[in-house]
Amino acid sequence: MSDEGRLVSRRALLIGGAAALAAACSRSSPQTQATASASRAPDTSLTPTPSCEDGDEPTIAQTEGPYFTPDSPEKSDFTNDVDGGTKLILTGSVLSTSCEPVGQALLDFWHADDTGNYDNEGYNLRGHMFTGDEGNYRLHTIVPALYTGRTRHIHVKVQAPNGPVLTTQLYFPDEPANESDSIYSPELVMDLRDTSDGKAGTFTFVVGT
């Protein structure tokens with residue numbers, strides 16, 4: 001099987017199972033495959049892979065919640081999906097437990113909009129991407145709003161090539177609702193700073209391979 005075929009298979013495993021695999025394979029023309037491969041070229045402006053020590057523990061898993069939608073489109077910019085909201089650029093790396101960068105890792109993100117609602121009919125504020133050869137990723141999106149019963153958060157699934165799927169959530173620092181959220185974990189808090197036009201966050205995922 002070609003490298004692109006393996007990526008299609010991994011995408012189907014993560015976001016749709018056997019049915020999504022059949023649909024993805026039937027939709028993948030040579031032109032589409034070439035375009036997707038080009039879109040996954042490493043972004044040299046991304047944050048360098050952080051240093052770490054051998055034996056890092058994998059990022060902790062959390063529930064996917066009730067609003068996951070399989071078969072998301074491949075995209076790394078959600079800002080055109082909505083009209084409002086504070087812009088957020090989330091960058092980081094995917095590393096193995098031996099601290100090696102994981103190239104071509106699959107990340108699938110989804111979250112609420114700036115009013116606290118999920119798009120459960122389409123794919124606004126939903127999409128997947130692949131890391132570059134150095135294990136880096138970059139997501140352009142907005143800061144999700146709070147909704148009743150939960151603190152502010154972003155959902156994500158991460159999978160190294162041929163590895164298990166990690167399902168987890170990312171949290172924002174200094175949120176008043178963090179301590180009252182029943183599944184909030186400080187280990188999943190992003191580093192966050194203000195920018196001239198919004199926020200910039202970073203998070204390193206450690207996954208099994």
Engineer: Would a hydrophobic clustering, with Ile, Leu, Val, Met, Phe, Trp and Tyr connected at side-chain separations under 4.5 Å, put Ile183 with Val189?
Structural biologist: yes

Engineer: Can you confirm whether the side chains of Gln62 and Tyr171 place a donor and an acceptor under 3.5 Å from each other?
Structural biologist: yes

Engineer: Hydrophobic cluster membership, with links at side-chain heavy-atom distances under 4.5 Å among I/L/V/M/F/W/Y: are Val82 and Leu139 in one?
Structural biologist: yes

Engineer: May I ask you to check whether Tyr147 and His153 place their ring centers less than 6.0 Å from one another?
Structural biologist: yes

Engineer: Please report the C-alpha distance between His140 and Ser76 in whole Å, then the side-chain angles of each, then the deciding distance to 0.1 Å, and finally whether the side-chain hydrogen bond (donor to acceptor under 3.5 Å, both in side chains) criterion is met.
Structural biologist: CA-CA 6 Å; His140 292 256; Ser76 58; over 6 Å; no

Engineer: Are Phe78 and Leu192 in one and the same hydrophobic cluster, where Ile, Leu, Val, Met, Phe, Trp and Tyr link if side-chain heavy atoms are under 4.5 Å apart?
Structural biologist: yes

Engineer: Please report the C-alpha distance between Phe205 and Tyr137 in whole Å, then the side-chain angles of each, then the deciding distance to 0.1 Å, and finally whether the side chain to side chain contact (heavy atoms under 4.5 Å, CB included) criterion is met.
Structural biologist: CA-CA 10 Å; Phe205 296 98; Tyr137 69 89; 3.4 Å; yes

Engineer: How far apart are the closest heavy atoms of Pro144 and Ala112, and which atoms are they?
Structural biologist: CB-O, 3.3 Å

Engineer: So how far is it from Ile142 CD1 to Asp114 CG, rounded to the nearest 0.5 Å?
Structural biologist: 4.5 Å

Engineer: Can you tell if the side chain of Met190 reaches within under 4.5 Å of the side chain of Thr202, non-hydrogen atoms only?
Structural biologist: no

Engineer: What pair of heavy atoms forms the shortest contact from Val165 to Lys157, and how long is it?
Structural biologist: CG1-CB, 4.2 Å

Engineer: Step through the shown structure and confirm whether more than 12 heavy atoms of other residues, nucleotides or ligands are within 6.0 Å of CG on Asp83.
Structural biologist: no

Engineer: Centres of the Tyr118 and Trp110 rings: under 6.0 Å?
Structural biologist: no

Engineer: Closer than 3.5 angstrom, by distance alone: can the side chain of Arg193 be matched with the main-chain N or O of Gly201 as a donor-acceptor pair?
Structural biologist: no

Engineer: Quick one: does Glu64's side chain have a donor or acceptor within less than 3.5 Å of a partner on Phe68's backbone?
Structural biologist: no

Engineer: Can you tell me how far CG of Leu107 sits from CZ of Arg138, rounded to the nearest 0.5 angstrom?
Structural biologist: 14.0 Å

Engineer: Do Lys199 and Asp194 sit within salt-bridge range, that is, some charged N less than 4.0 Å from a carboxylate O?
Structural biologist: yes

Engineer: For Gly208 versus Pro164, what's the shortest heavy-atom pair and its separation?
Structural biologist: O-CD, 3.7 Å

Engineer: Of all heavy-atom pairs between Gln104 and Asp133, which one has the smallest distance, and what is that distance?
Structural biologist: NE2-OD1, 4.0 Å

Engineer: Roughly how far, to the nearest 0.5 Å, is OG1 of Thr59 from CD of Gln169?
Structural biologist: 13.5 Å

Engineer: Please report the interatomic distance CG(Asn178) to CZ(Arg150), rounded to the nearest 0.5 Å.
Structural biologist: 9.5 Å

Engineer: Might you point out which heavy atoms bring Leu146 and Glu175 nearest each other, and give the distance in Å?
Structural biologist: CD2-OE1, 4.3 Å

Engineer: Please determine whether side chain to side chain contact (heavy atoms under 4.5 Å, CB included) holds for the pair Phe203 and Val156, giving the CA-CA distance in whole Å, both sets of side-chain angles, and the decisive distance to 0.1 Å.
Structural biologist: CA-CA 12 Å; Phe203 192 85; Val156 59; over 6 Å; no

Engineer: Before giving the answer on side chain to side chain contact (heavy atoms under 4.5 Å, CB included), spell out for Thr97 and Val206 the whole-Å C-alpha distance, their side-chain angles and the decisive distance to 0.1 Å.
Structural biologist: CA-CA 6 Å; Thr97 54; Val206 179; 4.0 Å; yes

Engineer: Can you check whether Val207 reaches Val94 side chain to side chain, under 4.5 Å on heavy atoms?
Structural biologist: yes

Engineer: Please step through side chain to side chain contact (heavy atoms under 4.5 Å, CB included) for the pair Met129 and Phe109, ending with a clear verdict.
Structural biologist: CA-CA 9 Å; Met129 68 188 70; Phe109 291 96; 4.0 Å; yes

Engineer: Can you tell me how far apart OG1 (Thr204) and CG (Leu95) are? Round to the nearest 0.5 Å.
Structural biologist: 5.5 Å

Engineer: What distance do Leu188 atom CG and Ile154 atom CD1 have between them, rounded to the nearest 0.5 Å?
Structural biologist: 12.0 Å

Engineer: Would you say Thr131 and Pro101 make side-chain contact, with heavy atoms under 4.5 Å?
Structural biologist: no

Engineer: Testing the basics here: between Ala160 and Thr209, what is the closest heavy-atom pair and its distance to 0.1 Å?
Structural biologist: CB-CG2, 3.8 Å

Engineer: Any salt bridge between Asp81 and Arg126, counting N to O under 4.0 Å?
Structural biologist: no

Engineer: Indicate yes or no: at least one non-hydrogen side-chain atom of Gln159 is less than 4.5 angstrom from one of Leu166.
Structural biologist: no

Engineer: Is the shortest side-chain heavy-atom distance between Asn120 and Tyr67 below 4.5 Å?
Structural biologist: yes

Engineer: Treating Thr195 as the side-chain partner and Ala200 as the backbone partner, does any N or O pair qualify as donor plus acceptor under 3.5 Å?
Structural biologist: no

